[in-house]
Amino acid sequence: MKNLREWFSTMTLGQTKLYIKLWLWCLFDSFVVSIPYAVLVMAVYVLLIPIASPGMALPTDRIWILMGILIAQFIAYLFVRKKSYLDFCIGFAGATKVSRIQMGEHLRKLSMGFFSNRDAGDLSTVLLRDYTEIETFAQQMLPQVATILVRFSIAVIVLSAFDVRMMAAVFIVIPLAFPFAFISMKKMEKEGALLQSSQQHTASGILEYVGGIRTLKAFNMAGEHFETLKNTLDTQRKAAISIETRAAAPVSMIGRFILNCGIGLVMLVGSGLMVTGKLQVFYYIAFLLLTLTIYDPVLLLFTFIADLTRTTRSGKRIRALFEEKPLPENNVGRKPSGTAIEFKDVSFGYGNKEVLHHIDLSFTEKSVTALVGPSGSGKSTITRLIARFWDSDSGEICMGGVPVWDLTTEELLGNISMVFQDVYLFKDTIEANIRMGRSDATHEEVVEAAKKAACHDFIMALPDGYDTMVGEGGSTLSGGEKQRISIARALLKDAPVILLDEATSSLDPENEVLIQQAISELVRDKTVIVIAHRLRSVSNADQIVVLKDGSIAEKGDHESLLKMGGIYAGLWNEQSHAGSWQIK
Ligand code: ADP
């Protein structure tokens with residue numbers, strides 16, 4: 001019982017109450033829809049008696065009553081259908097919408113570790129296909145079950161009142177057909193798992209292919225990689241064909257065959273009884289008519305039973321995603337006093353490999369700290385831990401004296417602006433993309449931020465100015481322009497802590513000057529942590545931290561580090577010379 005309740009809750013996305021209410025309407029709806037069948041049977045009855053008894057007048061008054069019932073049924077049908085069908089579709093589409101939004105919120109609270117362990121195809125399969133499966137189940141199968149229940153109940157009551165032997169002839173074949181539905185369900189389970197995993201591989205393959213198309217083109221490797229994608233698509237095609245030919249089609253054919261035998265049986269038993277005078281012609285016709293109305297939904301039910309495992313798997317995957325634990329927020333509600341950041345004996349690893357070892361580091365409020373060091377030394381990891389993309393394995397990271405895990409996500413991320421190298425622009429207008437920094441900003445504030453970030457001029461030169469649509473990922477803008485847009489976002493947000501990843505790829509001198517200018521605007525009076533690749537740009541920083549293999553190797557300002565003559569001094573010398581290299 002508990003399992004059934006849990007299953008139902010999974011399949012209704014936790015909206016059991018709403019669903020039961022809508023489903024009761026469906027039951028009522030099915031009842032109203034079944035009335036014409038009853039009228040049909042009554043009409044046969046009313047007409048057959050005068051035909052069978054010569055000289056008797058046709059009971060026109062009764063026929064008019066039946067017509068009246070049909071008209072009343074139609075009017076009732078309109079009202080009930082509006083309530084049941086529309087409410088059902090709208091109600092459940094609403095429930096899926098709410099659940100999808102909740103899922104979006106939930107995903108936002110998960111650690112980045114979760115996302116790096118799942119591939120994008122897998123997640124998009126859950127968000128798109130699994131939800132669609134559940135929606136279809138909710139909107140089609142459950143109303144169908146309501147219809148079957150109502151028709152069965154009416155048929156059992158009416159037919160058993162007519163003739164128990166005939167009723168047995170109608171129903172006897174149904175249990176015979178059920179085992180086949182269950183065999184198909186088992187087959188579907190196996191074939192469905194294969195289809196689902198191949199669909200997921202295809203989704204990942206397509207995302208990877210499209211995402212990497214530039215590299216593939218550049219290295220003229222498209223053919224080779226397309227081969228992999230083609231193979232995945234081929235596996236999916238085979239799985240789809242197999243599910244139809246091995247699981248779905250045989251069962252619906254066998255089901256249909258058995259039910260046809262049922263019709264034959266009703267005809268045989270009926271004629272036998274009629275010939276021996278044990279059944280009146282009216283009852284015989286009534287049974288033939290009603291048999292069809294019972295068998296049709298049974299056939300549909302078979303298809304749904306076969307689909308049930310697949311749909312249940314979709315429901316379980318949605319549920320499992322909801323059960324992923326978000327980053328814990330312990331004693332939330334504490335307010336940080338200021339924005340000084342402190343690492344106290346922090347160690348961290350992605351999985352088993354520790355990449356930061358016992359880091360003790362203070363970032364004074366409204367000061368600039370530069371993180372330098374070779375690639376892979378842990379610079380980005382430090383900024384990710386501050387923003388709680390991951391939680392450290394040991395030690396404590398505090399902002400304004402409060403551990404970051406005691407701040408709500410809103411409070412923590414509200415205090416931080418991040419400017420990354422790989423800027424993502426959403427498929428929306430430039431203005432909307434900048435406004436992501438602060439959703440309630442006015443147009444004037446957006447323009448002001450764009451001006452400070454040296455974006456205004458290039459935006460005005462675009463065909464629709466601030467209303468110009470940018471492509472997914474921002475593909476229609478240059479790297480430098482995208483970066484300035486992301487600085488405008490951060491300026492608009494005006495958060496007191498700035499995490500900045502300096503661009504590694506060299507920009508053209510004009511872009512570089514503009515970006516430097518935008519960054520100077522951004523970091524004014526802020527607590528700034530900048531991952532620096534070119535030492536020249538951070539030589540004025542209040543503190544420079546040199547990382548090596550996940551530990552702090554040196555710390556100080558530019559002058560003191562040069563005097564120390566260690567790693568920093570070496571890198572500085574290297575980069576000073578690198579400035580003058582040329583191709584011979
Ligand atoms: P840096 O920013 O100094 O180049 P990172 O902080 O990005 O260095 O990386 C530190 C170490 O952590 C590297 O060895 C890198 O391979 C590893 N690393 C970074 N990101 C991940 C990740 N998402 N999963 C696993 N390992 C990672």
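Indexing begins at 1, ligand by ligand and atom by atom, following the structure's order.
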Pair Asp501, His533: side-chain N/O donor-acceptor within cut-off below 3.5 Å: yes

Per-residue contact class, Thr381 against ligand 1 - non-hydrogen pairs under 4.0 Å: both

Ligand-residue contact atoms, ligand 1 with Arg384, heavy atoms, under 4.0 Å: 19 (C), 20 (N)

Ligand 1 contacted by Pro374 (non-hydrogen, < 4.0 Å): yes

Shortest protein contact, atom 2 (O) of ligand 1 (heavy atom only): Ser380 OG, 2.5 Å

Aromatic ring pairing Trp572/Tyr568, orientation class (parallel under 30°, perpendicular over 60°, tilted between): parallel

Mutual orientation of the aromatic rings belonging to Phe137 and Trp7 [parallel < 30°, tilted 30-60°, perpendicular > 60°]: perpendicular

Criterion ring-ring contact (aromatic ring centres under 6.0 Å, His included) on Phe348 and His357, from CA distance to verdict: CA-CA 7 Å; Phe348 170 75; His357 321 286; over 10 Å; no

Interatomic distance, Lys526 atom NZ to Lys366 atom NZ [nearest 0.5 angstrom]: 9.5 Å

Closest to atom 26 (N) of ligand 1 among Phe115, Phe348, Trp390, Tyr350 (heavy-atom distance): Tyr350

Sub-4.5 Å side-chain heavy-atom contact between Leu491 and Glu521: yes

Minimum-distance protein heavy atom relative to atom 13 (C) of ligand 1: Gly376 O, 3.7 Å

Atom 21 (C) of ligand 1 protein-contacted, heavy-atom criterion under 4.0 angstrom: yes

Close-contact set for ligand 1 against Lys353 heavy atoms, below 4.0 Å: 14 (O)

Contact check, Gly373 vs ligand 1, heavy-atom distance below 4.0 Å: no

Check: Tyr131/Ser99 side-chain N/O donor and acceptor closer than 3.5 Å: yes

Close N or O approach (Val355, ligand 1; < 3.5 Å): no

